[in-house]
Amino acid sequence: MHFNLEKELNPEQCRAASLLHGPLLVIAGAGSGKTRMLTYRIAHMLECGIKEESILALTFTNKAAAEMGERIRSLTGLKLKKLTTTTFHSFGMGVLKQYIQYLGFKNNFTIYDTNDRTALIKEVIQNLDYVVESFDLYELSTLFSDIKTKRKVFGPNASDKIRGLYLEYEKHLKAYNAVDFDDLIMKPLDLFEKKPEVLEALRSRFTHILVDEFQDTSLSQYRMVELLASKSRNLCVVGDDDQSIYSWRGANYENLVMFERDFPERLEIKLERNYRSSGTILEAANSLIVNNQMRKEKKLWTDSGKGSSIRLIHPAHDEEEASVIADEILLKHKKNDLPFSDFGVLVRTNSLLATLETKFVERGIPTQVTGGQSFFDRKEIRDILSYLKVMANQDDDVNLLRVINTPRRGIGRTTLEKMRKVADDHKCSLYSALALMAVATDGQIKEGMQKALKRFYDMIESYHHDLFQAGSKRSFVLRNLVQEIGYKAYLEGEHPEHEAIVAFKMKGIDFLCDRLSKWERNPENTRASIFDFLNRVSLAGKEDPDEENAGKIALMTIHASKGLEFDTVYLAGVEDQYIPHARAIEENPASIDEERRLFYVAITRARRELVISSCEKRRDVASLPSRFLEEIPKSLFDEEDPTKQLSSDEVVDKLRLLRERLALRQTN
């Protein structure tokens, strides 16, 4: 294979792809072709003799990692089975899978997702005889995450109760041989400190490391790559501080500064040529983001032409806003034969999605809403996955508690309390306590209940055995279990006279089984265990299964739109209190910079046409246009609304009203 980088890439991309050794910082503006550059850079590495197993490319979603790997394979024509393109959490999981025994865990650990973590916190509260309702489980979960990742520490005034809950939470995780998402980053760091030979082994293997979306890394993630690359110094980080919008989940755009400190010999390259948006859209984005002071200076440009003006519309209220946007999209779809997938409708908060979705449904517009319930959060899917987790790891108390009486077996709270006492007395898992109770002869358990416990225990034991003897037919074992527990009949009892709901839920379970079947038929998973499948599912997070979204309009929050692009973008709810969001500014005035970056990301999702909507009233409360609109040159806007037949006087009146509203906001 041979690549003419000068022919395939622009001069800045070419230089970034050619520099293979030493630290490199690439500031890649929105739409500047960074993924293409990274793909060619890795291909060039392979061409220059760098071994595929020595390359580690880290990004933030499974989808992005998979796409990067496929593009490299397509470009090189090589299978590259030893090339590692993955996410931070998946990489951490791989490290733990190989070395976690040094931390006192077994290698067949379970990963607890957000729901599992909340359930475990609730269990810990109950075990300590506290009242669950006196705690905010979401706040506790967030606090525990912040403490574990060292974003916060327990202050001198922190209550002993909260400290005790956190310690018990950690003890329970270890007792259940489980880790949470934060552990996938923090425990490898513990390993590097306690077992330097593990760090040295990884350093020796991964001599060339690349990090995409570097501005989204947390301090812990940066620490991980800094440790891995500190010896070879071959670390390439690619990011854009102007698109750092995830501080609420630990991202720290100041990692760019830390990288410059830790790798003073670095080279820096800026990718400023934009291949996505029109000149007008880029001018608006540049004019907006320059108001942030703490940023790398850059200016996006394009040679694709100025394009159309940005349309600014002012519906009377949110219902009208949704109607105008829906009707416009429907008209463009029919008149110009444009697919609905060409359109993206973005909002600042989830609370603004419902009105828009309702109007789209009323108009018969097929819509994909991002930010709704994940496939893996649906009750029926969590139920069956919990069974699979218990079949694989019987000591997983959290998932055992979920399934032991689902469908109902008459195993109620009193029995569970007895089970918990047996577990505490014998210092064992709930499943081991269940086994003891199923054969107890002391007469303390009623005969009928003991039979119920014995049937459940025997069933799990049987399916545990079948699961590990099934080879590549584990999906059949899961299907058999679904049938044996009578889950369909359970759903029919839960939803009498609603056959469609039952059918929908069973279809989802079939999809889950099909997903397992497809996974185990993949030649790359020949030696993989059921724990690998379960952990991959856990790492899927909010990424839904491979549903067909072609032909649907994308309705989502701005956060969810990161990395996407559309020919036409509608930004709804562009009003003060929403963007910038009132709560963000109240909690931290410095958040105005991140809110501006968020608006910058929204603007740069558009390729050709950008429509911004600011309502006169929202939910019957007067609203004001976002202050960010004042930072964009008025010459870029077209405030004429083609959906309404306005006279010249009416247009003048609307413009006058807008100016008055802007002036009113300034005085306030």
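Residues: numbered from 1 along the sequence shown. Atoms considered below: every heavy atom in the structure, side chains included; atoms not considered: hydrogens, waters and symmetry mates.
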Self-check item: Residue pair Ser561, Arg605: steps toward the side chain to side chain donor-acceptor pair (under 3.5 Å) verdict
Solution: CA-CA 8 Å; Ser561 74; Arg605 298 312 94 196; 4.8 Å; no
Self-check item: OG-CG distance between Ser90 and Asn535, expressed to the nearest 0.5 angstrom
Solution: 9.5 Å
Self-check item: Basic-acidic side-chain contact under 4.0 Å: Glu52, Lys81
Solution: no
Quiz item: Going through the distances and angles, do Thr217 and Phe88 end up as a side-chain contact (heavy atoms from CB on, under 4.5 Å)?
Solution: CA-CA 9 Å; Thr217 53; Phe88 275 93; 3.8 Å; yes
Self-check item: Over 12 foreign heavy atoms within 6.0 Å of CZ, Phe504
Solution: no
Exercise. For the residue pair Tyr166 and Leu140, establish whether any side-chain heavy-atom pair is separated by less than 4.5 Å.
Key: no
Quiz item: When you look at Glu213 and Gln243, which way does the side chain to side chain donor-acceptor pair (under 3.5 Å) test go after all the steps?
Solution: CA-CA 9 Å; Glu213 304 288 2; Gln243 297 186 73; 5.9 Å; no
Self-check item: Single hit among Phe181, Tyr169, Phe135, Tyr138 for ring-ring contact (aromatic ring centres under 6.0 Å, His included) with Phe144
Solution: Tyr169
Quiz item: How far apart are the closest heavy atoms of Ser517 and Ser475, and which atoms are they?
Solution: CB-OG, 3.5 Å
Quiz prompt | Non-neighbouring partners of Gln98 that pass side chain to side chain contact (heavy atoms under 4.5 Å, CB included), sequence neighbours left out | solution = none
Quiz item: Okay, side chain of His464, backbone of Ile460: is any donor-acceptor separation there less than 3.5 Å?
Solution: no
Quiz item: Say you draw a straight line from CG of Leu184 to CZ of Phe91; how long is it, rounded to the nearest 0.5 Å?
Solution: 12.0 Å
Quiz item: Counting only heavy atoms not in Asp337, do more than 12 fall under 6.0 Å of its CG?
Solution: no
Self-check item: Residue pair Leu143, Glu139: steps toward the side-chain contact (heavy atoms from CB on, under 4.5 Å) verdict
Solution: CA-CA 6 Å; Leu143 174 63; Glu139 285 188 2; over 6 Å; no
Quiz prompt | Nearest heavy-atom neighbours spanning Gln221 and His89 | solution = NE2-CE1, 3.9 Å
Practice problem: Return yes when atom CZ of Phe476 has more than 12 non-hydrogen atoms of other residues, nucleotides or ligands closer than 6.0 Å, and no otherwise. | Solution: no
Quiz item: Between Leu516 and Ile530, is any pair of side-chain heavy atoms under 4.5 Å apart?
Solution: yes
Quiz item: Rounded to the nearest 0.5 Å, how far apart are CG of Asp466 and CE of Met391?
Solution: 8.0 Å
Exercise. Begin with the C-alpha distance, continue with both residues' side-chain angles, and end with the deciding distance and a verdict on side chain to side chain donor-acceptor pair (under 3.5 Å) for Ser351 and Thr349.
Key: CA-CA 5 Å; Ser351 64; Thr349 66; 2.8 Å; yes
Exercise. Heavy atoms only: give me the nearest Gly364-Pro366 pair and the separation to one decimal.
Key: O-CD, 3.4 Å
Quiz prompt | Salt-bridge present (Arg420, Glu123; N to O < 4.0 Å) | solution = yes
Self-check item: Asp182/Ser145 under side chain to side chain donor-acceptor pair (under 3.5 Å): CA gap, chis, key distance, verdict
Solution: CA-CA 7 Å; Asp182 294 323; Ser145 177; 2.7 Å; yes
Practice problem: Report, as yes or no, whether the 6.0 Å neighbourhood of atom NE2 on His495 holds more than 12 heavy atoms from other residues, nucleotides or ligands. | Solution: yes
Exercise. Go through the steps for Leu401 and Leu416 under the test side-chain contact (heavy atoms from CB on, under 4.5 Å), then give the verdict.
Key: CA-CA 8 Å; Leu401 288 170; Leu416 292 176; 4.2 Å; yes
Self-check item: Thr87 vs Leu58 side-chain heavy atoms within contact, under 4.5 Å
Solution: no
Quiz item: Hey, does Leu598 have a side-chain heavy atom less than 4.5 Å from the side chain of Arg348?
Solution: yes
Quiz item: What residue among Val537, Asn393, Leu467, Leu481 forms side chain to side chain contact (heavy atoms under 4.5 Å, CB included) with Leu388?
Solution: Leu467
Quiz prompt | Non-hydrogen side-chain atoms of Val95 and Leu191 separated by less than 4.5 Å | solution = yes
Quiz item: Which residue pairs satisfy the salt bridge (Lys or Arg N to Asp or Glu O under 4.0 Å) criterion with at least one member in residues 469-480, sequence neighbours excluded?
Solution: Arg474-Glu520, Arg479-Asp510, Arg479-Asp514
Quiz prompt | side chain to side chain donor-acceptor pair (under 3.5 Å) partners of residues 382-391, not counting sequence neighbours, each pair once | solution = Asp113-Arg382, Asp116-Arg382, Asp116-Lys389, Lys379-Asp383, Asp383-Arg402, Asp383-Tyr487, Ser386-Asn399, Tyr387-Arg409
Quiz prompt | Cationic N near anionic O, under 4.0 Å, Lys359 to Asp327 | solution = no
Quiz item: Taking atom OG1 of Thr415 and atom CD1 of Ile445, what is their separation to the nearest 0.5 Å?
Solution: 7.5 Å
Self-check item: Worked check of side-chain contact (heavy atoms from CB on, under 4.5 Å) between Thr557 and Leu346
Solution: CA-CA 5 Å; Thr557 63; Leu346 313 182; over 6 Å; no
Quiz item: Is any side-chain heavy atom of Gln450 less than 4.5 Å from a side-chain heavy atom of Lys454?
Solution: no
Quiz item: Taking it one step at a time, do Arg408 and Glu494 satisfy salt bridge (Lys or Arg N to Asp or Glu O under 4.0 Å)?
Solution: CA-CA 11 Å; Arg408 283 175 283 279; Glu494 292 288 300; 2.7 Å; yes
Quiz item: Is Lys421 salt-bridged to Glu417, cutoff N-O under 4.0 Å?
Solution: no
Quiz item: Any ion pair linking Asp342 and Lys332 (charged N to carboxylate O, less than 4.0 Å)?
Solution: no
Self-check item: Spacing of Asp425 atom CG and Lys427 atom NZ [to the nearest 0.5 Å]
Solution: 8.5 Å
Practice problem: Start with the C-alpha distance between Tyr457 and Tyr431, add both sets of side-chain angles, then the distance that settles ring-ring contact (aromatic ring centres under 6.0 Å, His included), and finish with yes or no. | Solution: CA-CA 8 Å; Tyr457 173 79; Tyr431 188 79; 5.3 Å; yes
Exercise. Measure across Leu571 and Ala602 and return the closest heavy-atom pair with its distance rounded to 0.1 Å.
Key: CD2-CB, 3.7 Å
Exercise. Going by the side chain to side chain contact (heavy atoms under 4.5 Å, CB included) test, name the single residue among Val369, Leu330, Thr355, Ile325 that passes it with Phe360.
Key: Ile325
Exercise. Take Lys451 and Glu447 through the test salt bridge (Lys or Arg N to Asp or Glu O under 4.0 Å) and record every step on the way to the result.
Key: CA-CA 6 Å; Lys451 287 182 178 180; Glu447 182 179 355; 3.5 Å; yes
Quiz item: Do you know the tightest heavy-atom contact between Phe60 and Asp212?
Solution: CE1-O, 3.6 Å
Quiz item: How about Ile125 and Leu137: do any of their side-chain heavy atoms sit closer than 4.5 Å?
Solution: yes
Practice problem: Indicate yes or no: at least one non-hydrogen side-chain atom of Thr86 is less than 4.5 angstrom from one of Leu56. | Solution: yes
Quiz item: So how far is it from Thr406 OG1 to Ile485 CD1, rounded to the nearest 0.5 Å?
Solution: 8.5 Å
Self-check item: Closest non-hydrogen atom pair, Ala470 against Val477
Solution: CB-CG2, 3.7 Å
Quiz item: How are the rings of Tyr176 and His172 set relative to one another: parallel (under 30°), tilted (30 to 60°) or perpendicular (over 60°)?
Solution: perpendicular
